[in-house]
Each structure stands twice: as structure tokens, then as C-alpha cells.
There are 2 protein chains.
Amino acid sequence: MATGTGTGGGRRRPTVADVAREAGVSVATAGRALGDYGRVGDDLRDRVKAAADRLGYSPNVVARSMRSGGTHSIGFVGADISNPFFATALRGVCDVAREHGYEAILTNSDDRLDVERAAVQVLLDKQVEGIVVAPTSVTDVDHLKRAQEVGVPIVLLDRSSSALDADSVVIDNEMAAHDAVTYLLNLGHRRIGMLACVDVEESPEVVARAGTGRLQARGAARPSIDRIRGYLAAMDDYLAPSSADLVRCTGLGSPAQAEREADALLALAQPPTAVFAADNVATQGVFRAARRRGLAIPGDLSMVGFDDLDWTTLVDPPLTVVAQPPLDMGRTAAEQLFARIKGEDRPGERIVLPTELIVRSSAAGHGAQKRSA
Amino acid sequence: MATGTGTGGGRRRPTVADVAREAGVSVATAGRALGDYGRVGDDLRDRVKAAADRLGYSPNVVARSMRSGGTHSIGFVGADISNPFFATALRGVCDVAREHGYEAILTNSDDRLDVERAAVQVLLDKQVEGIVVAPTSVTDVDHLKRAQEVGVPIVLLDRSSSALDADSVVIDNEMAAHDAVTYLLNLGHRRIGMLACVDVEESPEVVARAGTGRLQARGAARPSIDRIRGYLAAMDDYLAPSSADLVRCTGLGSPAQAEREADALLALAQPPTAVFAADNVATQGVFRAARRRGLAIPGDLSMVGFDDLDWTTLVDPPLTVVAQPPLDMGRTAAEQLFARIKGEDRPGERIVLPTELIVRSSAAGHGAQKRSA
DNA sequence: TTGCTTTGAGAGAACGTTCTCTCGAAGTGG
DNA sequence: CCACTTCGAGAGAACGTTCTCTCAAAGCAA
């Protein structure tokens, strides 16, 4: 009683042996005829292929993988695919993978190191030939190193790590933030707030510093931290006061939490006249908080957001944002990965894709628009 | 010269045989100790596990898959992951998969039947244990049937098919559209336009019909077609004129194209006073076109959109939309799939998840707000 | 015809796991 | 002390492919 829903019934998939029997040849010959390797007579080849068609044969790639070692699969590890940034990047990765005849196995880390570790291990056990990962941590990379050691190349997406000799595809987060904040400074703003979705504990020194010293190596931390660095540097350039309470961080990814933090920022006794939002969730949070408080943008509050999502041109006013190219980032990461998979061997390369400050209408001049170096 | 980037170097992964040698036991015993099957002495088990740790052994699941037939992988086939609907649904699928110890292999069909066919075949060759698919066509399902025949269960997402005995997880598209349009009708609108992202050729009869006859079986076509049906039915209920030029269709997915069609709709000699947008891309298109034409919403034009994306509450005015639950749809689809994978056998079930008309401020009354049956 | 190469095809190993079979050792009851 | 069960461990097959080896037959030059 086969219901056809695919559960119990299911007659066995035909194998090479079945085809061989059907065609009246040996397994070896059938294999050669089907796989186009070795030498086979033309007539026999046709006979075998006809038999294969009759049986609806298609090769079991799992068996093939075991024999040859290559699974034609790559892994993707991102924080959360439902985030448009990752969704778009993943799209890029998948497209390139398909061009190479590969498929992608997807994994979410939710930005948790333990989950990421487990995910990488699973992918390794599944014998993927390479992994594109947006790593949770750039210092805790032992699991990624282990992958490389067993011959599975790693490409970092969105973050790069000095602790790992791997290709990475990133944007210049510090510069992007620096430019955005400088833009606000040039408009005359001095009291500029910032909102980012990171755990505060991740870089207490950066947050607490607020206005002293120069920053060290770039690309050493996660994107938002670098963006905070860029913010601080720009503020320093203009001798603008950047007290710790102007930089608010929120837990990862929750829009509601982002709005709450944004609200707290705007509720300061001496509130900022402009805000830089360091990612798309924060951007949404700032926009919502401003509206809830009845602040006109850019009249009462100027803002610059991050990520050029569709909605930034749907709202009123259209938002000035820092745009990064997620599709290209995904594609580039995958291309680097396939170069490695094909055997290319060279030190890890850090590929920096350009960002663009798209000026629209969410930021306006403030006070005397003085310009300084 | 191992650079560590994971290309050439890579010493071979240790196997059970390696562990056995290290522990001084037979392969069979090592296998039992590691896999927790059969009988092993406690001391030996410890010895083997210690050896495994020393070598950094972890099982090759490809080999395991070949032996046992189960790959612990499922496939996902969607039109385009960068579309928020699919991204969110996929997230749900992945979450449930992980709960069951499975991973998902991702594939985009771009709404092209040939691509979908190829994708399903690849997944089958990769021996996935089940597939969640948002099918391009609901009549052309031979490839899905074949999957079922070889024992791979199929769950349809977002669309259901009478030509296939499989579970499906959908919303009641016709009713959702009917409710939305009725809402507009109750507000007094009679000249109501509709915009959907489908190829017009897909249902010339539906589009051309415009106002006669009753619709046949539900769920027989793709979502947008059912939504058009719902629109037509509601218009009929109120004896409102639904001429063919009020229903515009655009090619799949392009926001720019959607905006152009929306603009054409609004440029009619006798333009609609309200528009129902049948998907999130169309919603964006209508909103953009209205703004470009300087039409106030809801003053000059009322609208109801589809999909409750973040941005619908960020714009001014916040949009009245039909909300569907993509995360739940993904989760439910995966749960159905795993029930099948675990062996449950019963006729295909059509699960209809509830939609909600979220009334916000993008639709207002028009003329004498008359109510009829 | 002899000796050589080329061609086509089969036998069988290998990949790394799981699992059945077998068999000796140890334990137990009468 | 013997028959009988239980336990622990090894040998080896199996999954479906690929690929090496072997070998017979055929082709060809001397």
C-alpha cells in the first residue's frame, strides 16, 4: 500500500550493479560507460546508457564522495539568515557555488561561539570541501584552525582575524564609520551619539576609553567594534567630546532592544543632536525611537544609518546611510574559497570591498557649520 | 611547507582504524567503543576513547551515511533566499532541522521550473532524507513525485498541489485577499486596483475574466493567482466593476518593474481609489509609485499591502497589511517533514496557517461608506 | 608464424563506517 | 567436573562508487 507520500514504500534506487545486470555487462564496464572514464566500446556504452535510462539510474554521490573524497559541498556559517545582510551574502555564496557545481550547507550560529564551534564540527564531519564563515569571535579561532589543518579551507566573511591565516572579505568598518561621523561633524554636529548591536563586555576598553589615545591594528575585532573605533577617531579629529554615555550598545539583533537603547540615548539630559547607527538593526531602532519621541528628522535629530536596505528609501525622510555590498561580499568570499579548493596555495588575503556613504535627507546642518581638520 | 590556509597540507583525518591501532584493539572493537553499540568492556572502551581524543578523531559521516543510508540532511528549495519571506521560512526550517540533528542544503530556483528540477535531482543524488520545496509549478510535479517514489518525502511550502499527494503548509491566499479587498470595499471604495508579481501568461483566464463566474477548487495555483481570485470574488460580492486593466501583473520579483506597473495602474484615465498589493515586492512598488506621483496615502489613495515586514511600520503612514507567518510556516513544514522521515505514513495533509489583516493607517473611507452583502 | 602493441572488458580492491558472525574465555548451576 | 549461558572481542562483509590490475582478443609489422 504505497501512499506515494514518500515514507515507507520507496523502492530502492537503482545502482550501477542494477544497470550492469540490465545491460548484461559487468559492474566495471557499466561504471566506465556511465562515468565516462576508461575505455568502453561505443556500442556497449550506448547499451549501458539505454539501460540506465530505462531504470532511471542516477549516481549516488554519497558513495562517490566516499570513494573520491570530494563531496561537492561547502558550508556557510552565519549569525542569522533571516538578517537581510546574511541572506543576501548567502545568496551570493550559493550562486557562485552552483556555478562550480557545488551546493551549500547552511548553519546559523546566532552569534554564539559554542554554537559556531558545533556547527563547524558538523560541517567537517559532513566532509565539506570548504567553509565560508562570519565568525563570532576573531580571537577564538581554534576550531577554524583545525578545519584548515585537515585540509578544509576557510574564508572569513564580514570579519577578519589576525589569529588565523585565511582569506577574508570585509569592508573597512573603521573608515566607513569615520566617514559617516565626519560627515555629521562637517554639518556642524558635535554632540553625536552612536548605537551598535554588540555586547558591551566585548570591548569595555574601547567603549570606556572615550576620547584618548590612537587605535591599534585594524580588523582585529568584530565589525561593530571597528565602527566604534572609527566613530571615536572622527570625534577626536574634531576635538568633539565623546563621553561614554554617548555610545550605547545593545545585545545582538533584537530590534526591540535596539529601540530601547536608542530611546535611552535620546533621553539623555544633554541629548545628542545627531546619531550614527552602526548596523541595520540599530538604524531601525534609532528611527523608531526618534519618531516615538516626536523628534523630526533631520530637524530635531540628524542620523546616518548602516546598510542600504530597501526601506531606507521608503521612509520619510529617505535615510543617509553607509552602504556595503553584501551580495558581492558573498560572491567574493565564495570565489576565494573555490580558488583554494582548486588547490591555489598562498598566504591569506584580506579583501576590502568599498563602502559608500549615500547622502540622502536624514542629516542636516547644525549651528555654525564650522569646518576644521 | 604548510601555510596553514588549508589547501595542500592537510594531513589525513584519522579513521577508526587509526584509533584502533593507537589503542591496540581491532577495528570492530574500536567501532563499538566509539559508536556505543554492541558490547565492549569498560576498560577497553575508555582506552579507545582516550586514543580517539589523542588523535582528534571524529567520525566521517559520509561513510556512515553510505553504510546506513541516512545522511541527516534535508533539502530546501526556494525561489530566492534574499527575499525576506524565504529567508525567514528557511530560518524556521533550519531551526527545526537542527533540533532533530539534521542540516539543510540550500537551493534557489529563481522561480524557474528547469532550475527547480535540476535542484531536486541534485538533492536526491546527495541522498537527502527529505525536501521542503516552494514549488514553481503546482501542475508540473513529476520531479517531486519521483522523489517520493524513491522514498524521499516532500513537503510543499507556500503552495499546495492537487497533483501531488504531499503535505503542504500554506495560508488561505484567496481568503486573505478576499478579506483585504472586502475591507477596502467596506470603506466605500469601488474602483480598486490590484498589483501582483506573477507572469500574466500563467493565468490569462483569471486575469481576462474580470467579473464573471465563480472560482473553482482552491489551492490549485500559485499564491498570487489565488490572491487574484480572492480579489475578484470580493469585487463580485459588492458588484464592483473589476475591469482587466485594474489588475496588473509584473514579472517576478523585480522592485523596479513592480513600481513601473504600479505607476501604470495609477496613471489610468479613471484611476483606482484604492490598491491591493498582493506580495511584499508589489507593496513596495505601489508605495513608491504613489509617492512619486505625489499621491497622499490614504488621502488620495488607500492601500493594503502583503507581508508584515519591518518597514511597513517605519513608513508614513504605517501600512495596513495582510500578515502571514513565514517563520511558523518554515517550522511547520520542517516538522511535517520529520514526521515523515521518522516513518509516519498517511495521506498528504494541507495545513493552513492563519493570516491576519493588520489594520494601520494606509486605508481610509471613500465617498458614502455604504455597506452591502 | 612470431612477437609486439592496442583495445575492450572483467575481477576485485579501496574508501570508512556499521553490523553480523564466529569463537574463545569466563561465569554459573546441577 | 561438566554442560550451558553470557560476555567480550576479532574477522570480515556490506553500502555504491571509482579505479587499478589483469587478461583475452584483435590488429599489425617483420
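A note on names: the letters A, B, ... follow the listed sequences, proteins ahead of strands, and every chain is numbered from 1.
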Spacing between A:Arg32 atom CZ and D:dT18 atom P, to the nearest angstrom: 12 Å
With B:Leu156 as partner, the option from B:Asp167, B:Leu144, B:Val132 fulfilling side-chain contact (heavy atoms from CB on, under 4.5 Å) is B:Leu144
Could you grab the distance from atom CG of A:Asp95 to atom OG of B:Ser82, nearest 0.5 Å is fine? 8.5 Å
Please confirm whether the shortest side-chain N or O distance from B:Ser26 to OP1 or OP2 of D:dG10 is below 4.0 Å. yes
Closest to the B:Tyr57 side chain: D:dT17, C:dT17, D:dG10? C:dT17
At what distance, to the nearest 0.5 angstrom, does CD1 of B:Ile81 lie from CZ of B:Phe76? 9.0 Å
Touch class at under 4.0 angstrom, heavy-atom based, for A:Ser68 against every strand present: nothing
Protein-nucleotide distance (B:Arg45, atom CZ; D:dA9, atom P), rounded to Å: 9 Å
Nucleotide of D:dT17, C:dG16, C:dG8 approaching A:Arg39 most closely (side-chain heavy atoms): C:dG8
Separation of D:dG10 C1' from B:Arg47 CZ (nearest whole Å): 14 Å
Starting at atom CG of A:Leu34, determine the distance to atom P of D:dC19, rounded to an integer number of angstrom. 14 Å
Where the side chain of A:Leu44 is concerned, which of C:dT17, D:dG10, C:dA9 is the nearest nucleotide? C:dA9
Atom CZ of B:Arg67 and atom P of D:dG12 are separated, to the nearest Å, by 17 Å
Side-chain N or O of B:Thr15 closer than 4.0 Å to phosphate OP1/OP2 of C:dG16: no
What is the distance, rounded to the nearest whole Å, between atom CD of B:Gln127 and atom P of D:dG16? 9 Å
Distance check needed: C:dT17 P versus A:Asp125 CG, whole Å only. 10 Å
Check every strand shown and say whether A:Val40 touches a base, only sugar-phosphate, or nothing at a heavy-atom separation below 4.0 Å. sugar-phosphate
Other residues, nucleotides, ligands: >12 heavy atoms within 6.0 Å of B:Arg54 CZ: yes
For A:Val25 and B:Tyr37, take the nucleotide of DNA chain C holding the closest heavy atom to each; which residue's nucleotide lies nearer the 5' end? A:Val25
To the nearest 0.5 Å, atom OG of B:Ser137 lies from atom CG of B:Asp111 at 10.5 Å
From CZ of A:Arg64 across to C1' of D:dT18 the rounded distance in Å is 9 Å
